[in-house]
Amino acid sequence: MTDIVITEFMDDAAVANLKARFSVHYDPELYADPDEMARLFADVPAVIVRNQTQVRGKVLAAAKRLKVIGRLGVGLDNLDMEACAARGIRVFPATGANSLSVVEYVIGTTMTLLRGAYFANAAMVAGEFPKTKLIGREIAGKLMGLVGFGSIARDVAHHARAIGMEVAAYHPRLPIDDPTWSGVRRLEFDELLAEADVISLHVPLTAETRGMIDKNAFARMKPDAILINTARGGIMDEAALVKALKAGKLGGAAIDVYEQEPLGKDAAKVFAGAPNLILTPHIAGNTVESNGRVSGLVAEKVMAALEERI
């Protein structure tokens, strides 16, 4: 009988460690087949998923013996957490294990979009030398505005300050006297939108945050501001983003998460023709190193839970 079903890609060493102690069914493409997931989940005590696996509805209902869910990441919006809590199913995210990868993505795309010199391949191959058109901006001295100020955002703040940026953040529930604010300006949401040179989103997708970056938010931003979303799709109005970029009312954007994932051809059409836009497939937190950390951490937590060591 299978003990653990893994529905998405996982580090080979962590999978091998799991297989040494438990019966494991590993199919990195299983997330795309809910019917097969429901069948395989029926008798297993543990599953390990990433963000594309929807553990809810008929899939969760079919998992009669499920005790443990390992989440290869930190977001939990693909899990029915209320139902899990009601059934006593324990959920173990990989909190902190992929933070550095996300931070480096934010800093790296900030540099790329501010500098603007790295989109010249087509012109250069065509024999052009567009030097005067590609004079970009330095990152030092710019204001990094963080929407949300949890652990990853705080790591972004640390790295941004190390390379000469100023940092401000919006977090309505963090007390004004919290020592975390040291070295970081505390701004209201509208103030941050208006003042920041770079705006990086770090909030979960909730009823409160859904659509918070809409056409009105874009209207408040500087026309040369940079927007980075590594948080969740649905926080930002994708059509409004494209409209702002095409109208020259936003300096650039790097988007790693989407309202619909996988994006698909039809949903992707909204981004066609948008300038200074970097699109990546929900991979900000995925590097060789972070995959090893995330997979190892989740594997250990799942094994410990099954062996009732935690």
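- Taking Ile, Leu, Val, Met, Phe, Trp and Tyr as members and joining any whose side-chain heavy atoms lie under 4.5 Å apart, directly or through other members, L143 forms no hydrophobic cluster with any other residue.
- Of all heavy-atom pairs spanning A94 and V74, the tightest one is O-CG1, 3.7 Å.
- Taking CE from M10 and CG from L72, the interatomic distance works out to 5.0 Å, rounded to the nearest 0.5 Å.
- The two residues A120 and L134 come nearest to each other via the heavy atoms CB-CD1, 3.4 Å.
- Rounding to the nearest 0.5 Å places CD1 of I235 at 13.0 Å from CG of D214.
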- request: Check the pair R137, D224 against salt bridge (charged side-chain N to carboxylate O under 4.0 Å, His left out), reporting the backbone distance first and the verdict last.
  value: CA-CA 10 Å; R137 294 175 285 165; D224 60 354; 3.2 Å; yes

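- Between the NZ atom of K243 and the CZ atom of F218 there is a distance of 12.0 Å, given to the nearest 0.5 Å.
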message: Between R232 and D77, is the salt bridge (charged side-chain N to carboxylate O under 4.0 Å, His left out) condition met? List the steps.
response: CA-CA 9 Å; R232 279 294 179 270; D77 49 292; 2.6 Å; yes

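- Sorted by first then second residue, the ring-ring contact (aromatic ring centres under 6.0 Å, His included) pairs that include residues 109-165, not counting sequence neighbours, are F149-W181.
- To the nearest 0.5 angstrom, D256 atom CG is 11.0 Å from I278 atom CD1.
- For the atom pair CD1 of I6 and OG1 of T53, the computed distance is 11.0 Å after rounding to the nearest 0.5 Å.
- Here the options are E191, E166, E195, the test is side chain to side chain donor-acceptor pair (under 3.5 Å), and the partner is R185; only E195 passes.
- When all heavy atoms of V106 and I228 are compared, the pair lying nearest together is O-CD1, 3.5 Å.
- The CG atom of D3 lies 10.5 Å from the NZ atom of K67; values are rounded to the nearest 0.5 Å.
- Listed by first and then second residue, the ring-ring contact (aromatic ring centres under 6.0 Å, His included) pairs that reach into residues 4-31 come to none, sequence neighbours excluded.
- A salt bridge does not link R293 to D11: none of the charged side-chain nitrogens sits closer than 4.0 Å to a carboxylate oxygen.
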